[in-house]
Structure formats: C-alpha cells, structure tokens
Amino acid sequence: MFNKLKSKRFCKIHFTSKMHKRAQVGETMTWMIATIIVIAILVISVFIVQIYAGKKGGVYENKISDAVAEKSFFSFLLTKDVWTKLQNEGNLIGDNGIFAKNIFDNYKVEYPLGLWIGVLDHSLDDKTGILRNQGLENDFFGKKPSGYVGTVGYGGVILQNYYVYEKIKLNENKDIELVMMEK
Amino acid sequence: MNKCGDKIISVYWFAILFLVAAAIAYMVIIFYGGPYDVRGIETNLLTNKIAGCLSQGGYLIKENLDAENFLSKCKINFNTEDIYGWKEQGQYYFEVSVTNFVDGTLVFKTSGGNVNLKDFCGKTGKSLPTCFEREFYTLDNEKNQYKIKILSAVSKIEKNVQ
C-alpha cells in the first residue's frame with residue numbers, strides 16, 4: 001500500500017488513519033517547541049555577549065619606568081648642593097627633603113599606592129655581620145613601601161613588583177632611590 | 001518508511017545548524033570586533049616624546065625652545081590616516097609651558113595641533129578626546145630651576161570607542 005503511494009518526484013503524504021495523523025502532529029509540535037527553545041537560547045546568548053562586549057576593558061600599559069618622573073629625579077639630584085648634602089647627611093633631611101616634596105608631591109595623584117624618595121642602606125651590620133638592605137625612613141616620604149603589593153586575583157594573592165623604580169649610588173653603602181607604586 | 005518525512009526533517013536540521021552557526025559567528029564578531037581604547041597610551045607617548053625633546057640628562061635643551069619650529073625640532077608630526085575626516089580635523093593637540101620653579105614666571109609657551117580638543121580636557125565621557133597633563137622639574141646649564149608642564153590630547157574617537 002505504501003509503495004503505491006510513493007511517487008518518484010513528489011512525496012504524497014496520506015493520512016490513512018487517525019493514529020498516523022496524531023503521531024505526525026505530535027512530532028511536529030515537539031520540533032516546534034524545540035525550535036523555539038533553541039532560538040530563545042541563541043537570542044539570550046547574543047544579548048549577554050552584547051552587554052559584555054560593551055564592558056570590555058581598556059589596554060593596561062605595564063610600564064616599568066616613568067620617563068617624566070625620572071627626569072625630575074635626575075634634575076633634583078643635579079640641583080646645587082643636593083648631592084653633596086645627601087652624601088654628607090646620609091638621608092633625606094632638612095632642605096633637601098622640603099625641596100624633594102615640592103617637586104614630587106604632584107605625582108601622588110598618579111601613584112596613590114606609594115611614592116617614596118629616600119636612602120637605601122646596604123651596609124654590613126657591625127654586630128651581626130648581616131648585610132642590611134633597608135630604606136631609611138624620612139620625615140617627608142615616610143617609610144619605604146613594601147616591595148610587593150598583594151592583590152587578590154585568580155588563585156589567591158598576586159604579588160607585584162614596584163611600578164617605577166630608580167636607584168643611584170650615593171656611596172659604598174648607600175643608594176638614593178625613587179619608588180612609585182600605581183596600583 | 002516515511003522517507004518523505006526524513007527529507008523534510010533534513011532540510012529543517014540544516015536550517016537550524018545554519019542558524020546556530022550564524023548566531024555563534026555574530027557573537028564572536030561582536031565580542032572580538034570591538035576596538036581597544038589605546039588613546040591613554042598614545043597621549044603618554046606624546047608627552048614622553050615632548051619631555052625627551054625638552055630635557056636630556058636632567059638639563060633643559062634651550063635650543064628646542066622655539067615656538068615656530070617646535071614640532072620639527074622635536075621630530076613630531078601629527079599626520080593621520082585619511083578616514084573619518086581626520087585629515088581636516090586634527091586628532092592631536094599639545095601645549096607646553098616652561099616656568100621658573102622658584103617664582104613661577106613664564107619662560108616659554110607653545111602649543112600645536114587641533115586647539116578645539118583642549119575644551120574637552122577635564123570632562124569625562126566615553127566619546128570624548130583623551131587628555132593627559134604632566135609636569136616635571138629640570139635645570140639649565142646655569143643651574144636655574146624650571147618646571148615644565150605638558151598637556152597632550154588625542155581624539156581618534158571613531159577607532160577607539162565602540
């Protein structure tokens with residue numbers, strides 16, 4: 001009976017019974033609902049992607065130096081009597097400190113996490129014989145900030161190095177340093 | 001069995017496949033096709049270039065304090081691509097002022113580029129030019145002290161903002 005119904009070019013579907021008809025309708029409804037669900041999922045996905053595409057972050061420049069701030073630093077050290085006083089006094093005190101603060105205070109906005117200029121002492125401790133490696137605290141920039149900053153990220157705390165760091169040798173045991181930490 | 005039904009189902013399957021593939025391609029294009037805003041880096045580079053032109057080794061280069069030929073002396077040009085009308089409307093602006101560090105008297109001032117961009121400095125908004133201002137300290141050979149202020153602005157909104 002079905003062979004008789006088959007045609008070579010065009011298929012003719014005959015509903016020969018109510019059961020056959022119901023099965024066809026049932027299957028069609030299933031596919032219609034499935035299609036609607038697939039289209040709905042696609043529309044939601046496209047909508048979500050459009051939202052996140054708009055919030056795509058900018059480009060972060062992972063710089064390791066700040067040319068403009070370093071120019072200020074070098075000029076500060078070249079200023080009359082600054083270098084001599086630093087070598088004699090061994091720390092950033094008095095007029096040198098006030099002068100440094102006048103120059104570098106305006107960089108605090110760009111480096112909110114820490115801005116420090118001071119002397120690093122890496123002399124040998126006479127009593128213990130251990131090499132010191134500590135920034136000397138001064139009245140103008142305080143304590144030298146920690147070399148590592150903890151940032152919560154994937155896998156726990158991420159440690160980052162200084163953002164901007166310059167060091168110039170004062171004498172055998174001391175260096176003058178510029179430390180600037182952004183975020 | 002019902003091969004006619006199978007043929008219709010096949011057409012439907014290909015239609016659904018094509019629809020899903022098109023949706024995935026569209027999502028990828030939307031997400032990765034958007035531009036990255038690099039104007040912050042561009043303004044920083046312009047500022048560093050100008051700073052390098054004005055001060056070397058801690059000393060002011062007085063030969064470059066030439067308002068008329070400042071860009072050529074600093075080897076800077078503001079050429080851009082000829083799209084979105086960028087050639088007619090300049091996409092860059094800079095302003096330099098050199099003042100005495102002690103008393104604040106103006107020693108030198110110059111500017112260049114599209115001055116209209118300066119009006120947007122200080123304002124926040126996605127489709128606005130990016131401005132960047134920095135200052136630094138320097139000396140001349142006679143140990144006179146100076147403060148140099150550099151303002152840089154970059155527009156190029158069409159290529160950096162979605």
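Letters A, B, ... are given to chains in the order of the sequence lines, protein chains preceding strands, and every chain is numbered from 1. For clarity, every value in this text was computed on a predicted model and none was experimentally measured.
- Taking the six-membered ring for Trp and the full ring otherwise, B:Y146 and B:Y137 have centroids separated by 6.0 Å or more.
- Interatomic distance, B:S111 OG to B:K118 NZ, rounded to the nearest 0.5 Å: 7.5 Å.
- Between B:I150 and B:F136, the closest side-chain pair of non-hydrogen atoms falls below 4.5 Å.
- Between A:K167 and A:E177 there is no salt bridge, since none of the side-chain N atoms of the basic residue sits less than 4.0 Å from a carboxylate O of the acidic one.
- Not counting sequence neighbours, A:F73 has no partner by the ring-ring contact (aromatic ring centres under 6.0 Å, His included) test.
- Residues of residues 87-95 of chain A placed with any heavy atom under 4.5 Å of a heavy atom in chain B are absent; none qualify.
- There is no contact between B:V28 and chain A, counting heavy-atom distances below 4.5 Å.
- No side-chain donor-acceptor contact under 3.5 Å links A:H122 and A:N173.
- Residue-level contacts of residues 53-88 of chain B with chain A, in order of numbering, are B:S55, B:G57, B:G58, B:Y59; threshold 4.5 Å between heavy atoms.
- Heavy atoms of A:E70 lying under 4.5 Å from chain B are absent altogether.
- In this structure, chain A has a heavy atom under 4.5 Å from the side chain of B:Q145, while its backbone stays farther away.
- A:Y107 and A:S72 share a donor-acceptor pair across their side chains, judged by distance under 3.5 Å alone.
- B:F101 places none of its side-chain heavy atoms less than 4.5 Å from the side chain of B:T138.
- The shortest heavy-atom contact between A:F74 and A:E166 is CZ-OE1, 3.9 Å.
- Within the 4.5 Å cutoff, no side-chain heavy atoms of B:K109 are placed close to those of B:V98.
- With hydrogens and angles disregarded, no donor-acceptor distance shorter than 3.5 Å links the side chain of B:R39 to the backbone of B:N160.
- Between B:E133 and B:K149 there is a side-chain heavy-atom pair separated by less than 4.5 Å.
- Residues of residues 36-47 of chain A that come within less than 4.5 angstrom of chain B, heavy atom to heavy atom, are A:V38, A:I39, A:L42, A:S45, A:V46 in numerical order.
- Looking at heavy atoms from C-beta onward, A:V82 lies in side-chain contact with A:F99 at the 4.5 angstrom threshold.
- Inter-residue side-chain proximity for B:V96 and B:F94 is flagged as met; some heavy-atom pair is nearer than 4.5 Å.
- Side-chain atoms of A:L77 and A:I176, non-hydrogen and from C-beta on, do get closer than 4.5 Å to each other.
- Residue with the most contacts toward chain B among A:E27, A:E110, A:K80: A:E110 (heavy-atom pairs, distance under 4.5 Å).
- Within the 4.5 angstrom heavy-atom criterion, only side-chain atoms of B:I16, from C-beta onward, approach chain A.
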